[in-house]
Amino acid sequence: MAVERKNIYVTQPTLAPLGEVTEIMQRIWDSGIMTHNGPLVQQFEKETQAFLGCSNLVACTNGTIALQMAIRALELKGEIITTPFTFIATISSIMWEHCTPVFVDIDPETLNIDPDKIEERITCHTVAIMPVHVFGNACEIDRIDEIAKAHNLKVIYDAAHAVGVKYKGKCIFNYGDVSATSFHATKMLNTAEGGGVITRDKDIDEKLRRIRFFGFENHADIVEDGFNGKMTEVHAALGLANLKYLQAALDDRKKKYAIYKSELSRNASLSFQKITYDCNYSYFPLIFATEADLLKAVSALNAEGIYPRRYFYPSVNTFRKLVPYVSMPKSEDIASRILCLPLYYSLSEADMERIIKLIIG
Ligand code: T4K
């Protein structure tokens with residue numbers, strides 16, 4: 001009799017046992033406090049900071065709003081240099097804040113913005129650089145900061161993928177003017193939906209907290225151009241429970257990444273993201289020689305109920321509805337032949353073996 005297999009998707013959330021979540025949630029039922037910077041949100045901020053090694057983490061509704069809060073807190077108006085190889089939220093957050101995204105092509109090995117190309121795109125309208133630590137692979141932070149300083153620009157890191165990443169031994173959120181991360185269900189640490197904004201600057205931190213709460217100061221006067229960016233107590237409870245499993249999830253990803261990489265390296269036509277500093281291995285991006293090879297692998301996997309994802313396809317500079325098209329050859333080329341393989345805590349090594357076999361035969 002044939003064995004019925006469950007479908008395998010690109011990821012699955014790392015979830016604490018339900019009992020541990022409800023134990024924390026009981027406090028909401030006891031107090032009746034559900035939102036508005038309640039005790040669980042404050043505890044989630046404190047414990048996440050302590051785990052990661054950063055300060056001034058402002059928890060919010062999602063990673064997109066985190067980016068928008070960062071842009072607002074820095075009062076940016078003008079052009080923001082960013083990467084075309086990213087999720088659409090990087091660009092939409094810039095546009096929602098009435099700024100203009102200006103693309104700089106990527107380094108096809110690291111898949112991050114190419115620092116050597118940033119200065120060519122700086123104009124008198126440029127106000128900031130928004131690089132992305134793509135798939136949790138740390139950007140060339142020193143180079144980017146040097147360029148920003150020389151041109152008096154702000155730096156916001158889109159660190160949506162970068163929970164747990166270090167740069168030169170320190171939490172990656174400690175760099176740039178502000179970092180924005182995501183606690184979405186598909187991320188290393190999840191609150192179902194959620195985000196966080198991090199800065200070393202106490203004044204910006206306080207401003208971010210006011211922006212998150214409609215712009216109010218002390219529930220009286222409106223002192224900032226704010227909105228509703230609050231994380232709820234329910235989301236924070238889930239985050240607190242999941243935080244206990246973050247180290248295990250990071251260790252597991254690193255181990256599984258190494259297995260995939262060593263096995264798939266046997267096929268010389270496949271290549272991998274180059275990691276120079278640090279990575280949390282939250283995704284397993286695999287680069288095929290051609291798009292046809294990628295599509296062949298996708299059909300073989302799909303036929304077995306396995307669903308990898310084409311992150312990030314297409315390159316966001318090609319979304320003509322949003323931005324005038326400017327050719328970004330490296331990003332467009334990589335986007336056409338990169339595939340993220342299933343990678344998550346409960347993925348078995350036996351399933352990984354099946355995936356590897358289906359790709360390299
Ligand atoms: N900047 C960057 C660079 C980003 O990548 C993102 C988001 C952001 C900013 C903005 O952060 P958020 O505002 O989202 O916090 C996902 C996520 O929705 C998104 O957070 C993420 N990046 C983006 C790269 O991917 P999809 O379209 O892949 O989601 P979906 O529903 O197809 O999920 C993928 C797989 O995950 C499913 O096949 C099954 C599994 N899954 C998904 C969900 C939602 C679960 O097992 N449980 C779930 O609840 O977007």
Side-chain angles (χ1 to χ4, degrees), residues 6-15 57-71 80 82-97 101 103 106 110-113 130-139 156-163 165 172-173 176 178-198 227 229-232 235 238-239 242 249 273 279-280 282-285 298 301-302 305-317 319 331 335 338-347 351 355:
K6 274 173 117 183
N7 286 346
I8 297 176
Y9 298 99
V10 66
T11 194
Q12 261 186 33
T14 309
L15 286 170
L57 184 153
V58 183
C60 61
T61 43
N62 58 58
T64 310
I65 285 295
L67 287 167
Q68 290 187 228
M69 284 169 60
I71 297 170
I80 300 183
T82 191
T83 170
F85 189 67
T86 185
F87 190 56
I88 188 59
T90 312
I91 310 312
S92 59
S93 63
I94 293 174
M95 298 180 75
W96 270 92
E97 293 306 315
F103 295 114
I106 56 166
T110 66
L111 312 183
N112 288 332
I113 194 166
M130 192 192 278
V132 180
H133 304 298
V134 174
F135 304 134
N137 185 25
C139 288
I156 296 173
Y157 282 104
D158 180 339
H161 303 174
V163 162
V165 179
I172 200 145
F173 297 160
V178 181
S179 286
T181 195
S182 167
F183 301 125
H184 182 261
T186 56
K187 300 298 191 300
M188 286 300 308
L189 172 62
N190 90 79
T191 58
E193 289 278 358
V197 200
I198 307 99
F227 48 40
K230 291 167 273 131
M231 178 179 276
T232 74
H235 292 88
L238 178 58
N242 288 342
Q273 183 178 30
C279 186
N280 57 6
S282 44
Y283 295 81
F284 190 87
V298 170
L301 291 163
N302 287 175
I306 301 167
Y307 298 93
R309 282 296 285 266
R310 296 185 74 179
Y311 296 132
F312 297 107
Y313 174 80
S315 182
V316 296
N317 60 303
F319 288 128
S331 178
I338 193 165
L339 186 68
C340 284
L341 300 187
L343 183 62
Y344 49 89
Y345 194 73
S346 53
L347 180 69
D351 280 336
I355 293 166

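When a residue number appears, it is its place in the shown sequence, counting from 1. This structure is a prediction, so every number in the text was calculated from the model and none was measured. When reading the values below, keep in mind they use all heavy atoms of this one structure, side chains included, and skip hydrogens, waters and symmetry mates. Counting convention: from 1, in listed order, for ligands and their atoms alike.
Between the side chain of N62 and the backbone N or O of A66 there is no donor-acceptor pair closer than 3.5 Å.
In this structure, P13 counts as a contact residue of ligand 1, since one of its heavy atoms falls inside 4.0 Å of the ligand. In this structure, Y311 is part of the shell of residues with a heavy atom less than 4.0 angstrom from ligand 1.
Between Y283 and Y311, the ring planes are perpendicular. Angles over 60° get that label, and only those under 30° would be called parallel. The aromatic rings of F85 and F312 sit perpendicular, their planes meeting at an angle over 60°, well past the 30° parallel limit.
The shortest distance between side-chain heavy atoms of N242 and L189 falls below 4.5 Å. Between P131 and N112, the closest side-chain pair of non-hydrogen atoms is not below 4.5 Å. Considering only heavy atoms from C-beta on, L111 stays 4.5 Å or farther from N137 through its side chain. Contact annotation: the side chain of I172 never approaches that of Y157 to less than 4.5 Å [non-hydrogen atoms, C-beta and beyond].
Closest to atom 13 (O) of ligand 1, if we only count protein heavy atoms, is T64 OG1, 2.6 Å. Closest to atom 21 (C) of ligand 1 among all protein heavy atoms lies K187 NZ, 3.0 Å. Residue, atom and distance of the protein heavy atom nearest to atom 42 (C) of ligand 1 are T186 CG2, 3.9 Å. Closest to atom 36 (O) of ligand 1 among all protein heavy atoms lies T11 CG2, 3.3 Å. Taking atom 35 (C) of ligand 1 as the reference point, the nearest protein heavy-atom neighbour is V10 CG1, 3.8 Å. For atom 8 (C) of ligand 1, the nearest non-hydrogen atom of the protein is A89 CB, 3.7 Å. If you check which protein heavy atom lies closest to atom 30 (P) of ligand 1, you get R309 NH1, 3.9 Å. Counting only heavy atoms of the protein, atom 12 (P) of ligand 1 lies nearest to G63 N, 3.5 Å.
Between D158 and the options T83, T181, T90, a side chain to side chain donor-acceptor pair (under 3.5 Å) holds for only T90.
In the vicinity of S182, heavy-atom distances shorter than 4.0 Å reach the ligand 1 atoms 11 (O), 12 (P), 15 (O). For ligand 1 and Y9, the ligand atoms under 4.0 Å from any heavy atom of the residue are 38 (O), 39 (C). For ligand 1, the atoms sitting less than 4.0 Å from at least one non-hydrogen atom of V132 are 3 (C), numbered in the order shown with element in parentheses. Close approach of ligand 1 to T86 (heavy-atom distance below 4.0 Å) involves ligand atoms 3 (C). Close contacts between ligand 1 and N62 involve ligand atoms 13 (O), 15 (O) [criterion: under 4.0 Å to a heavy atom]. Counting the atoms of ligand 1 from 1 in the order shown, those under 4.0 Å from a heavy atom of D158 are 1 (N), 2 (C), 3 (C), 9 (C).
Counting heavy atoms closer than 4.0 Å to ligand 1, residue H161 contributes side-chain atoms (C-beta onward) but none from N, CA, C or O. Under 4.0 Å from ligand 1, not a single heavy atom of V134 appears.
Note: no N/O pair closer than 3.5 Å links L67 and ligand 1 by distance alone.
Considering all non-hydrogen atoms of both residues, K230 and T61 come closest at O-CG2, 3.1 Å.
For the atom pair CG (L238) and CG (L15), the distance works out to 6.5 Å, reported to the nearest 0.5 Å. Note: T86 OG1 to N317 CG = 11.5 Å, rounded to the nearest 0.5 Å. The distance from the CZ atom of F284 to the CD1 atom of I355 is 11.0 Å, given to the nearest 0.5 Å.
Nearest-residue assignment for atom 50 (O) of ligand 1 (options Y344, Y283, F87; heavy-atom criterion): F87.
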